[in-house]
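Below: one structure, written as structure tokens.
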2 protein chains.
Amino acid sequence: MPDLTMETPIRPLPEEPTQASRFGKARTAQSGALLEDYVELISDLLTDGGEARPTDIARRLGVAHATAIKTIGRLKREGLAVAKPYRGVFLTEAGESLAARVRARHRVVVDLLLAVGVPFEAAESDAEGIEHHVSDATLAAFARYLARG
Amino acid sequence: MPDLTMETPIRPLPEEPTQASRFGKARTAQSGALLEDYVELISDLLTDGGEARPTDIARRLGVAHATAIKTIGRLKREGLAVAKPYRGVFLTEAGESLAARVRARHRVVVDLLLAVGVPFEAAESDAEGIEHHVSDATLAAFARYLARG
DNA sequence: CTCGGAATGTAGCCAAGGCTACATTCTGTT
DNA sequence: AACAGAATGTAGCCTTGGCTACATTCCGAG
Ligand SMILES: [Mn+2]
Ligand SMILES: [Mn+2]
Ligand SMILES: [Mn+2]
Ligand SMILES: [Mn+2]
């Protein structure tokens with residue numbers, strides 16, 4: 001277990017606009033995270049069992065059902081999902097397409113973590129947060145790394 | 001540029017409690033992210049120029065100064081920072097210690113990204129979000145990977 | 001066919017983290 | 001010493017994403 005606090009070569013503070021842009025991107029990425037998790041999960045549930053019901057979604061996310069229903073409303077407003085009362089949730093074209101991208105990214109992130117030696121459950125758990133902050137450039141680099149083995 | 005949508009081996013849905021726990025951990029991690037970024041930045045500013053003033057903090061984070069001041073108030077409530085009106089911000093012992101851990105983790109995450117081939121600016125940018133979702137187990141794995149070179 | 005329990009939906013509360021507008025304090029220059 | 005402009009602080013607004021409590025709807029067992 002290496003000592004992470006040792007030998008700190010001086011890294012100069014980034015320029016102000018550079019740093020602001022980095023923080024800004026992290027905030028932007030975060031703001032989309034919840035919707036990404038919802039569409040990915042809904043897509044999984046639809047594939048797996050043919051239906052995605054609010055209670056199941058809520059239980060899998062570990063939130064109250066009212067919370068899930070409210071967020072599903074947001075998915076509808078943003079054109080990602082469709083749902084009629086008491087009928088379960090479905091994804092629009094846009095929703096399916098987002099889900100596909102999100103699922104692929106999730107998989108690559110987990111695989112990358114495993115490839116560098118992260119234990120399985122930590123990889124799955126951390127990936128759930130990390131995935132939302134992986135840019136296209138980083139995703140491509142991960143895929144390249146995995147392809148080389 | 002590899003096609004990430006191809007050959008999807010079936011990955012079964014995780015058990016409900018498992019998945020809920022993963023999402024829950026991601027939410028928890030996220031809730032601490034802002035404070036982590038603040039203490040790291042404040043510590044950097046103090047080291048670099050001897051003072052950390054609200055306007056500088058706000059500019060570097062890319063937020064309005066009122067936003068920064070409100071969050072500094074939260075840092076004080078949580079025992080991480082001390083500030084007297086018009087006097088700049090300082091860190092408590094707890095704040096310094098958190099900052100040190102956060103800075104070390106930030107560095108390891110960036111280095112890991114660079115090591116697997118992520119371009120520099122993407123590494124720095126993505127790390128700003130990723131770092132908050134890297135557990136101790138994952139951090140240790142990253143450090144081990146970097147140590148092997 | 002009925003009816004009770006599960007699922008769904010609604011209402012209203014809260015804290016976090018953005019913002020703008022305005023008020024106050026400090027400080028460097030004249 | 002005065003004052004203009006910068007920095008700081010305050011007030012109040014908004015959205016997001018949690019929650020609980022309650023109301024409504026559905027559906028399967030009997
Ligand atoms: Mn996720
Ligand atoms: Mn995911
Ligand atoms: Mn960060
Ligand atoms: Mn950081």
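In the text below, chain A, chain B and the rest are named by the order of the sequence lines, each starting its count at 1. All values below come from the heavy atoms of this structure, side chains included, with hydrogens, waters and symmetry mates left out. These numbers come from a predicted model, not from an experiment.
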- Message: Between B:Q30 and B:H133, is there a side-chain donor-acceptor contact under 3.5 Å, judged purely by atom types and distance?
- Response: yes

- Euclidean distance, atom CD1 of residue A:I72 to atom P of D:dT16 [Å, nearest integer]: 16 Å

- Looking at B:R59 and A:E16, does any basic side-chain N land under 4.0 Å from a carboxylate oxygen? yes

- Note on the structure: From the candidates D:dT16, D:dG9, C:dC19, the one with an atom nearest any side-chain atom of B:H65 is D:dG9

- Message: From NZ of A:K76 over to C1' of C:dT10, roughly how many Å is that when rounded to an integer?
- Response: 13 Å

- Taking atom C1' of C:dC26 as reference, at what distance in whole Å does atom CZ of B:R87 sit? 8 Å

- Where A:A122 and B:T138 come nearest, the two heavy atoms and their spacing: CB-OG1, 3.8 Å

- Message: Just the rounded figure in Å: distance from C1' of D:dC27 to CD of A:E51.
- Response: 13 Å

- Query: Which atoms form the tightest heavy-atom contact between A:S43 and A:L91, and what is the distance?
  - Reply: CB-CD1, 3.7 Å

- Query: Which nucleotide in the list D:dG18, D:dT8, D:dC13 gets nearest to the side chain of B:K70?
  - Reply: D:dC13

- Query: Picking from D:dG12, D:dT16, D:dT20, which would you name as closest to the side chain of A:R77?
  - Reply: D:dT16

- Task: Name the residue closer to the 5' end of DNA chain C, choosing between B:E78 and B:A64 according to the nucleotide with the nearest heavy atom.
- Result: B:E78

- Message: How close do A:A68 and A:V63 get, counting heavy atoms only, and between which atoms?
- Response: N-CG2, 4.3 Å

- Message: Nearest to the B:A66 side chain among D:dC13, C:dG12, D:dT10, which nucleotide is it?
- Response: D:dT10

- Quick one: B:I57 CD1 to D:dG9 P, roughly how many Å, whole number? 10 Å

- Task: Could you check how far CG of B:L75 sits from P of C:dA15, rounded to whole Å?
- Result: 18 Å

At a cut-off of 3.5 Å, list every protein nitrogen or oxygen paired with a nitrogen or oxygen from nucleotides 3-7 of chain D, distance to 0.1 Å.
unit_1, atom_1, unit_2, atom_2, d
D:dA7, O3', B:R53, NH2, 3.4

- Sub-3.5 Å donor-acceptor pair from the side chain of A:R105 to the main-chain atoms of A:E131, do we have one? yes

- Message: Looking at every heavy atom in both B:A52 and B:L46, which two are closest together, and how far apart are they?
- Response: N-CD2, 3.7 Å

- Item | Members of residues 14-44 of chain A that approach DNA chain D, where some heavy atom sits under 4.0 Å away | A:L34

- Item | Atom pair distance, as rounded to whole Å: CD1 in B:I69 and C1' in C:dC19 | 14 Å

Mind listing the side-chain donor-acceptor pairs of residues 22-29 of chain A below 3.5 Å, one per line with the distance, residues two or more places apart or on another chain?
unit_1, atom_1, unit_2, atom_2, d
A:R22, NE, B:E121, OE2, 2.9
A:R22, NH2, B:E121, OE1, 2.8
A:R27, NH1, B:L61, O, 2.9
A:R27, NH2, B:L61, O, 3.2
A:R27, NH2, B:G62, O, 3.2
A:T28, OG1, A:G24, O, 3.0

- Would you say D:dC19 has OP1 or OP2 under 4.0 Å from some side-chain N or O of A:T67? yes

- Query: Taking NZ, NE, NH1 and NH2 as the nitrogens, is one of them in A:R60 or A:D48 under 4.0 Å from a carboxylate oxygen of the other?
  - Reply: no

